[in-house]
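Lettering of chains follows the sequences in order, A, B, ..., and the numbering in each one begins at 1.
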Protein chains: 2
Amino acid sequence: MDISIGELSRRTAVKVATIRYYESVALVPCPPRSEGRQRRYGEHEVSRLSFIRHARELGFDIEAIRELLAMSAQPDQSCAEADRIARRHMAEVDRRISQLTALRAELQRMVEACGHGRVGDCRVIETLANHDQCEHASH
Amino acid sequence: MDISIGELSRRTAVKVATIRYYESVALVPCPPRSEGRQRRYGEHEVSRLSFIRHARELGFDIEAIRELLAMSAQPDQSCAEADRIARRHMAEVDRRISQLTALRAELQRMVEACGHGRVGDCRVIETLANHDQCEHASH
DNA sequence: CTACAACCTCTAGTCGCTAGAGGTTCAAGG
DNA sequence: CCTTGAACCTCTAGCGACTAGAGGTTGTAG
């Protein structure tokens, strides 16, 4: 029970400023302080922050992480909700991948049609200027 | 030369507030005003805003769009730079797709291992809590 | 004239951080 | 013990691309 914020940061690879941020949004509780007002953490906080960091890396947003953390504190509850959160997130990732893939195709067409001549003949500029040139699904 | 901001918004599918935002960051010039201080636009601004919207849909950031617009105003210049901007953006989209695809695979593994039992046995929660369970490349 | 939609400026918020100013505490070394 | 510098503290504000609401004015149809 004597870990400074810097040490916690080194152990979890989460920046000091980010730890403070997570405290400000109550993702981690306010820790006890030393006599000099410095935060002091224990091993439980190391685990909690690792969980958070891992979830962030997988793209879960703060609110979802908050829910997952609450669930992890209640081992006898059903985990259907955790499953639901993960599936919902996965569906979002799928959507984003599809969107980016369509975008990439459009950019590919644009770039391939660019003959490196004058702007006046430029397919990059022309495609952006003229919706009809674009096969993008948004239109 | 008599298009209100609302009409411009309807013609371009760019929100009024977003048009004002684009003006604030000088992506579109400040237009002349009516006697009542209301913005008045012409067909040139309709085209410019359509260009912007289209580029935004393709994920170009504001600065890149600013550059592309500047280029489109000079038809006799080389378009090598427009090509470079588009290629750079396409590389970024590729990176993001790869990243999300790896993420998706990880989430898939997590979700498939979830047996809908108790939180204490939950693979979603367990994977987040324990780095060793995760094959994610970030580790 | 009235009423209401559409316009205006300004401020602040979203999300998840990130950075810097200005100050205090801690701990190693002399 | 003193000094020094790293690490800590709080607070404010910024990033990017919008977005929204408060409080007020203008335009136009009925």
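- Considering A:R109, A:R104, A:Q108 as possible partners of A:E106, the one that fulfils the side-chain hydrogen bond (donor to acceptor under 3.5 Å, both in side chains) test is A:R109.
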Worked verdict on A:L27 versus A:I65 for side chain to side chain contact (heavy atoms under 4.5 Å, CB included)
CA-CA 8 Å; A:L27 198 57; A:I65 295 168; 4.2 Å; yes
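- The environment of CZ in B:R88 is crowded: more than 12 heavy-atom neighbours from other residues, nucleotides or ligands sit within 6.0 Å.
- Counting 5' to 3', DNA chain D first comes under 4.0 angstrom of a heavy atom of chain A and last does so at the ends given by D:dC8 to D:dT10.
- Taking every heavy atom of residues 8-23 of chain B and every atom of DNA chain D, pairs under 4.0 Å involve B:K15, B:A17, B:T18, B:Y21, B:Y22, by number.
- Between A:I65 atom CD1 and C:dC17 atom C1' the separation is 13 Å, expressed in whole Å.
- Atoms CG and CD1, on A:L103 and B:I97 in that order, are 8.0 Å from each other to the nearest 0.5 Å.
- Taking the nucleotide of DNA chain D with the nearest heavy atom to each of B:E63 and B:G36, the more 5' of the two is matched to B:E63.
- As rounded to whole Å, 13 Å separates atom P of C:dA6 from atom CZ of B:R40.
- The pair A:E57-A:R53 meets the salt-bridge criterion, since a charged nitrogen lies less than 4.0 angstrom from a carboxylate oxygen.
- We find that B:R11 and B:E45 are not joined by a salt bridge, their nearest charged nitrogen and carboxylate oxygen being 4.0 Å or further apart.
- For residues 6-33 of chain B, there are no ring pair (Phe, Tyr, Trp, His ring centres under 6.0 Å) pairs, not counting sequence neighbours.
- Contact check, A:S4 against C:dC26: no side-chain N or O comes under 4.0 Å of OP1 or OP2.
- Distance B:I3 CD1 to C:dA6 C1': 16 Å, rounded to the nearest Å.
- When the side-chain hydrogen bond (donor to acceptor under 3.5 Å, both in side chains) test is applied to A:R56, no partner is found at least two apart in sequence or on another chain.
- In this structure, the CZ atom of A:R66 is 13 Å from the C1' atom of C:dG16, given to the nearest Å.
- Checked against ring-ring contact (aromatic ring centres under 6.0 Å, His included), B:F60 has the following partners two or more places apart in sequence or in another chain: B:H89.
- In this structure, the side chains of B:R39 and B:R20 come closer than 4.5 Å at one or more pairs of heavy atoms.
- A residue-by-residue look at B:Q38 and A:E7 shows that A:E7 has its nearest nucleotide of DNA chain D further toward the 5' end.
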For DNA chain C, please output the secondary structure as dot-bracket, reading 5' to 3'. Pairs are Watson-Crick or G-U wobble, both atom distances under 3.5 Å; mark crossing pairs with [ ], other-strand partners with |, unpaired with a dot.
||||||||||||||||||||||||||||||
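- In this structure, B:E63 pairs ionically with B:R66, as a charged nitrogen and a carboxylate oxygen lie closer than 4.0 Å.
- Spacing between atom CZ of A:R39 and atom P of C:dT25 amounts to 15 Å, rounded to whole angstrom units.
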